[in-house]
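Working notes for the structure below.
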Protein chains: 2
Amino acid sequence: MQKTSICPKYEFAAELLGKKWTGLLILVLLQGPLRFKDIKREIPDMSDRLITERLRELEEKGIVERSVFPEKPVRVQYQLTKKGKDLEPVINAIQHWAEAWVQ
Amino acid sequence: MQKTSICPKYEFAAELLGKKWTGLLILVLLQGPLRFKDIKREIPDMSDRLITERLRELEEKGIVERSVFPEKPVRVQYQLTKKGKDLEPVINAIQHWAEAWVQ
DNA sequence: TTCATGTACTTTCGAAAAGTAAGTAACTTT
DNA sequence: AAAGTTACTTACTTTTCGAAAGTACATGAA
C-alpha cells in the first residue's frame with residue numbers, strides 16, 4: 001500500500017517545491033550562476049540561514065552545484081545542474097498562471 | 001522597493017505552492033469534485049486538520065469551491081474553480097519533471 | 001432507548017520548521 | 001589599525017505541523 005494512490009513520483013517533487021523559498025530560489029538561479037550575496041540581493045526577504053539550508057538541500061538532491069573559486073576574496077558560486085535546469089518549464093508554467101490570475 | 005527584484009507576481013504563486021500539501025491537494029482535485037473523505041483516502045498522510053486548513057486557504061484564494069448537499073449523511077464537495085483548473089499545466093510540468101528525474 | 005456507524009470537521013499539545021538577530025573567520029581596502 | 005566584504009553559524013523566538021482525541025449531527029440496528 002503506497003502513501004498516495006495518485007502519483008508516487010509526484011511526492012518527491014511536492015516535497016521539493018512544497019518548501020518555502022525553494023521555487024523562488026530555483027527561479028533566480030535560472031538566470032545563471034550566482035554567488036551567495038547575489039541570491040541575497042535577489043531575494044532580500046530570505047534569511048541567510050534559509051538560503052544556506054535550501055541550497056544545501058538542493059545540492060544534496062542534485063539540483064544545484066556549488067563551486068568554490070579560491071580568488072582574492074573567496075568566491076562561492078551556485079548553479080543549476082541539468083536536473084535543475086529541467087525545472088524551467090515548471091517555473092514558466094507557474095509564472096504564466098501568475099500572469100493570468102494574480103492581481 | 002519591491003520584495004523580490006525578479007518577479008513580484010511569482011510571490012503569490014510561490015506562497016501558494018510553497019506550502020506543504022497544497023500541490024498534492026490540487027493534483028487530486030484535478031480528477032474532479034471530491035468529498036472530504038475522498039481527499040483523505042487519496043492523501044492518507046495528510047491530517048484532517050491540514051486538509052481543512054488548506055481547503056479553506058484555497059477557497060479564500062478562489063481556487064477551490066465548497067458545496068454542501070443536504071443529503072442523508074451530509075455531503076460536502078470540493079472542486080476546483082477555473083482559476084484552480086488553470087493550474088493543471090503547472091501540475092503537469094511537475095509530473096513530467098518527476099517522471100524524468102525521480103528514481 | 002442506547003449503541004454503533006458515518007461524515008465533516010475542531011481542539012489540544014508537543015515537535016519541527018522558519019524567522020530574527022547577532023556573531024565568526026578569512027581576507028581586503030582605507 | 002579600523003572598517004568592510006563574503007559566506008556562512010549560532011542562539012533564540014515564533015509559527016506551522018503532526019498525531020490523537022473529541023465534537024456535532026444524522027441514520028440505523030439491538
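Chain naming here is simple, since letters A, B, ... match the order of the sequence lines and numbering starts at 1 in each.
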Starting at atom CZ of B/Phe69, determine the distance to atom C1' of C/dA8, rounded to an integer number of angstrom.
15 Å
Contacts under 3.5 Å, N or O only, protein and nucleotides 26-30 of chain C:
from   : atom 1 : to      : atom 2 : distance (Å)
C/dC27 : O3'    : A/Lys72 : O      : 3.2

Length of the CD-C1' vector between A/Glu57 and C/dA17, whole Å
10 Å
Under-4.0 Å salt bridge between A/Arg54 and A/Glu57
yes
Here the distance between atom C1' of C/dT11 and atom CG of B/Leu50, to the nearest Å, is 14 Å
Just to confirm, is there a sub-4.0 Å distance from OP1 or OP2 of D/dC8 to any side-chain nitrogen or oxygen of A/Lys37?
no
Can a salt bridge be assigned to the pair A/Glu15 and B/Lys20 using a cut-off of 4.0 Å between side-chain N and carboxylate O?
no
Whole-Å distance, A/Ile51 CD1 to D/dT6 C1', equals 12 Å
Nucleotide D/dC17, atom P - distance to CD of A/Glu15 in whole Å:
14 Å
Are OP1 or OP2 of C/dT7 and a side-chain N or O of B/Arg35 less than 4.0 angstrom apart?
no
Touch check for B/Tyr78, heavy atoms < 4.0 angstrom, all strands: base, sugar-phosphate only, or nothing?
sugar-phosphate
Are B/Arg49 and C/dA8 close enough that a side-chain N or O sits under 4.0 Å from OP1 or OP2?
no
Report yes if at least one side-chain N or O of B/Trp21 is closer than 4.0 Å to OP1 or OP2 of D/dC17; otherwise report no.
no
Salt bridge check, B/Arg56 against B/Glu60: does any charged N sit closer than 4.0 Å to a carboxylate O?
no
Are any non-hydrogen side-chain atoms of B/Val64 and B/Thr81 less than 4.5 angstrom apart?
no
For a quick test of reading the model, state the closest non-hydrogen atom pair linking B/Ala13 to A/Ile94 and the distance between them.
CB-CG2, 3.4 Å
Heteroatom pairs (N/O) under 3.5 angstrom, protein to nucleotides 22-24 of chain D:
none

Contact under 4.0 Å: B/Arg56 side-chain N or O vs C/dC9 OP1/OP2
yes
Send over the distance from A/Arg54 CZ to C/dG19 C1', rounded to a whole Å.
12 Å
May I have the distance from A/Glu53 (atom CD) to C/dA16 (atom C1'), rounded to whole angstrom?
11 Å
Side chains of B/Leu16 and A/Trp97, heavy atoms from C-beta outward: is any pair under 4.5 Å?
yes
Hey, is the side chain of B/Arg66 poking within less than 4.0 Å of OP1 or OP2 on C/dA8, counting only N and O atoms?
no
Determine whether A/Phe36 and A/Asp48 make a side-chain contact, defined as any pair of heavy atoms from C-beta on separated by less than 4.5 Å.
yes
Can you see if the side chain of A/Lys20 gets near the phosphate of C/dG19 - specifically, an N or O under 4.0 Å from OP1 or OP2?
yes
So, do B/Met46 and B/Leu24 sit near enough that their side-chain heavy atoms are less than 4.5 Å apart?
no
Are B/Asp86 and B/Lys83 within salt-bridge range, i.e. N to O under 4.0 Å?
no
Interatomic distance, B/Lys40 NZ vs D/dG18 P [rounded to whole Å]
15 Å
Heavy-atom side-chain contact between B/Arg35 and B/Arg75 under 4.5 Å
yes
